[in-house]
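Take a look at the structure set out below.
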Amino acid sequence: MASLVLFVCTGNTCRSPMAEALLKLALPRTSPWLVASAGLAAFEGGRASDEAISAIAEVGGDLRGHRTRPVTPRLVKEAAAVVAMTGAHAQQLVARYPAVRDKLFLLRSFDPDAPAESGVEDPFCGSLDDYRRCRDLIRKAIPGLVNHLEQTAPTVR
């Protein structure tokens with residue numbers, strides 16, 4: 001059975017869905033990893049922002065079918081890796097789900113050029129260029145995350 005990588009942001013309309021889409025594009029089709037996203041303040045069933053949909057479409061991804069969802073205890077438990085967009089998200093996750101600590105990462109920690117503890121700031125209500133900059137920050141971290149996942153054997157349940 002495949003293992004789950006869960007991206008987490010605030011509303012699950014911008015950053016975490018873009019990260020989900022970009023990781024799906026980067027993983028080989030035969031990858032054992034499943035990829036999902038959720039938000040700490042998300043409601044169920046909303047859409048990705050139009051700008052996120054456009055920014056991801058420019059690089060070959062598709063967020064048109066994305067539906068928002070909140071982080072739940074079940075998602076956190078099922079995830080082999082939980083990847084937060086900011087340190088504040090990581091702190092909230094640990095406060096709500098203390099057991100997440102051992103499988104929690106900041107996305108930009110996988111970008112060798114990113115300053116320590118740097119996050120992916122929210123482009124919400126910004127321009128398409130703001131979303132492109134956000135997408136590109138996420139893209140810089142994806143190869144390092146893929147490398148990490150390739151070195152981590154998926155958990156068989």
If every non-hydrogen atom of Ala36 is compared with every non-hydrogen atom of Leu4, which pair is closest and at what distance? CB-CD1, 3.7 Å

For a quick test of your reading: what N or O donor-acceptor pairs under 3.5 Å do the side chains of residues 80-87 make, sequence neighbours left out?
{"unit_1": "Thr86", "atom_1": "OG1", "unit_2": "Ala88", "atom_2": "N", "d": "3.4"}
{"unit_1": "Thr86", "atom_1": "OG1", "unit_2": "His89", "atom_2": "N", "d": "3.1"}
{"unit_1": "Thr86", "atom_1": "OG1", "unit_2": "His89", "atom_2": "ND1", "d": "2.9"}

Arg69 side chain to Ser37 main-chain N or O, any donor-acceptor pair under 3.5 Å? yes

Donor-acceptor pair, Arg108 side chain versus Ala114 backbone, under 3.5 Å? no

Evaluate the side-chain proximity of Asp122 to Cys14: yes if any heavy-atom separation is below 4.5 Å, no if none is. yes

Approximate separation, where rounding is to 0.5 Å, of Thr13 OG1 and Ile53 CD1: 10.0 Å

With heavy-atom distances below 4.5 Å as the criterion, would you say the side chains of Arg47 and His66 are in contact? no

Would you say Leu107 and Val146 are hydrophobically clustered, going by side-chain heavy atoms of ILVMFWY under 4.5 Å? yes

With a 4.5 Å cut-off on side-chain heavy-atom distances among I, L, V, M, F, W and Y, is there a chain of contacts connecting Val71 to Phe43? no

Rounded distance (nearest 0.5 Å) linking atom OG1 of Thr72 with atom CZ of Arg74: 7.5 Å

What one should report as the nearest heavy-atom pair of Ser54 and Leu128 is CB-CD1, 3.8 Å

If you group Ile, Leu, Val, Met, Phe, Trp and Tyr by side-chain heavy-atom gaps below 4.5 Å, do Tyr131 and Leu63 land in one group? yes

Surrounding CD of Glu117 (heavy atoms of other residues, nucleotides or ligands, distance under 6.0 Å), is the total greater than 12? no

Is Leu25 linked to Trp33 within one hydrophobic cluster, defined over Ile, Leu, Val, Met, Phe, Trp and Tyr using a side-chain heavy-atom separation of less than 4.5 Å? yes

Audit row: Glu78, Leu34, side chain to side chain contact (heavy atoms under 4.5 Å, CB included) steps and yes/no: CA-CA 11 Å; Glu78 290 177 356; Leu34 297 175; over 6 Å; no

What heavy-atom pair brings Ile56 and Asp62 nearest, and what distance separates the two atoms? CG2-N, 3.7 Å

Rounded to the nearest 0.5 Å, what separation is found between the CG atom of Leu106 and the OG atom of Ser118? 8.0 Å

Do Cys134 and Glu121 have side-chain heavy atoms sitting under 4.5 Å apart? no

So do Arg132 and Pro123 actually touch side chain to side chain, heavy atoms under 4.5 Å? no

Under 4.5 Å between side-chain heavy atoms, hopping through other hydrophobics if needed: is there a path connecting Val8 to Val76? yes

Could you check whether any side-chain heavy atom of Leu145 comes within less than 4.5 Å of a side-chain heavy atom of Phe7, counting everything from C-beta outward? yes

For the student: nearest non-hydrogen atoms of Ile142 and Ala19, plus distance: CD1-O, 4.2 Å

To the nearest 0.5 Å, tell me how far Leu104 CG sits from Tyr97 OH. 12.5 Å

Evaluate salt bridge (charged side-chain N to carboxylate O under 4.0 Å, His left out) for Arg133 paired with Asp136, printing each intermediate quantity in order. CA-CA 5 Å; Arg133 281 188 287 279; Asp136 293 344; over 6 Å; no

Rounded distance [0.5 Å steps], CZ in Arg139 versus CG in Leu22: 6.5 Å

Determine whether more than 12 heavy atoms belonging to other residues, nucleotides or ligands lie under 6.0 Å from atom CZ of Arg101. no

Polar side-chain atom of Arg96 near backbone of Leu40 as donor-acceptor pair, under 3.5 Å: yes

Give, for atom CD1 of Ile138 and atom CG of Leu23, the distance between the pair rounded to the nearest 0.5 Å. 11.0 Å

My understanding is that only residues two or more places apart in sequence, or in another chain, count here; which of them pass salt bridge (charged side-chain N to carboxylate O under 4.0 Å, His left out) with Glu51? none

